[in-house]
Participant: 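Take this structure, written in structure tokens, and hold onto it; I'll ask about it next.
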Amino acid sequence: MQFDQKAEDRLAFLWIEKDKSWLGLWETDKVEVEYHPSIRHIAFQVTLEDLKNSVVWLKSKDYKPREAFGFDPSEPFVMPHEEYAQR
């Protein structure tokens with residue numbers, strides 16, 4: 001893996017595949033923390049078309065999308081990293 005950046009003093013990002021996927025590592029004294037999607041998630045690079053179809057695809061595989069950040073799970077929710085978001 002290739003180092004990309006460090007945020008604050010306890011967070012580092014490393015590329016798994018340059019410009020496609022990365023790993024964020026947090027240093028903390030807490031191991032047992034309440035669940036929040038921003039700290040326990042997997043991120044994928046997808047095409048816009050695949051993103052638009054993601055809820056239907058998940059349901060076809062018997063997964064039930066859930067509400068996040070107050071958004072109804074009837075459509076995809078995207079929280080891009082500002083530096084790497086493509087428009």
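Hydrogens, waters and symmetry mates play no part in the numbers below; they use all other heavy atoms, side chains included.
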Participant: Can you list the steps and then say if L14 with L25 is a side-chain contact (heavy atoms from CB on, under 4.5 Å)?
Facilitator: CA-CA 8 Å; L14 300 111; L25 299 174; 3.6 Å; yes

Participant: Who are the side chain to side chain contact (heavy atoms under 4.5 Å, CB included) partners of E8, not counting sequence neighbours?
Facilitator: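 Not a single residue meets the side chain to side chain contact (heavy atoms under 4.5 Å, CB included) criterion with E8.
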
Participant: Using salt bridge (charged side-chain N to carboxylate O under 4.0 Å, His left out) as the criterion, list what pairs up with E27, not counting sequence neighbours.
Facilitator: none

Participant: Kindly write out the residues that satisfy side chain to side chain contact (heavy atoms under 4.5 Å, CB included) with P76, not counting sequence neighbours, or none if the list is empty.
Facilitator: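 Here the qualifying residues are L51, S54, V55.
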
Participant: Kindly compute the distance separating CG (L23) from CH2 (W15), expressed to the nearest 0.5 Å.
Facilitator: 11.5 Å

Participant: Listed by chain and number, what are the side chain to side chain donor-acceptor pair (under 3.5 Å) partners of S60, not counting sequence neighbours?
Facilitator: none

Participant: Can you name the side chain to side chain contact (heavy atoms under 4.5 Å, CB included) partners of K6, sequence neighbours left out?
Facilitator: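 So K6 forms a side chain to side chain contact (heavy atoms under 4.5 Å, CB included) with F3.
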
Participant: For D50, enumerate each residue passing the side chain to side chain contact (heavy atoms under 4.5 Å, CB included) test, keeping only those at least two apart in sequence or located in another chain.
Facilitator: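 Checked D50 against side chain to side chain contact (heavy atoms under 4.5 Å, CB included); matches are V46, T47.
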
Participant: Could you state the interatomic distance from CD (Q5) to CG (L11), rounded to the nearest 0.5 Å?
Facilitator: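 One finds 8.0 Å between CD of Q5 and CG of L11.
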
Participant: About how many Å separate NZ of K59 and OG of S74, when rounded to the nearest 0.5 Å?
Facilitator: 7.0 Å

Participant: Any side-chain heavy-atom pair from D72 and E67 closer than 4.5 angstrom?
Facilitator: no

Participant: Do L58 and V56 sit in the same hydrophobic cluster, where Ile, Leu, Val, Met, Phe, Trp and Tyr count as joined when their side-chain heavy atoms come under 4.5 Å apart?
Facilitator: no

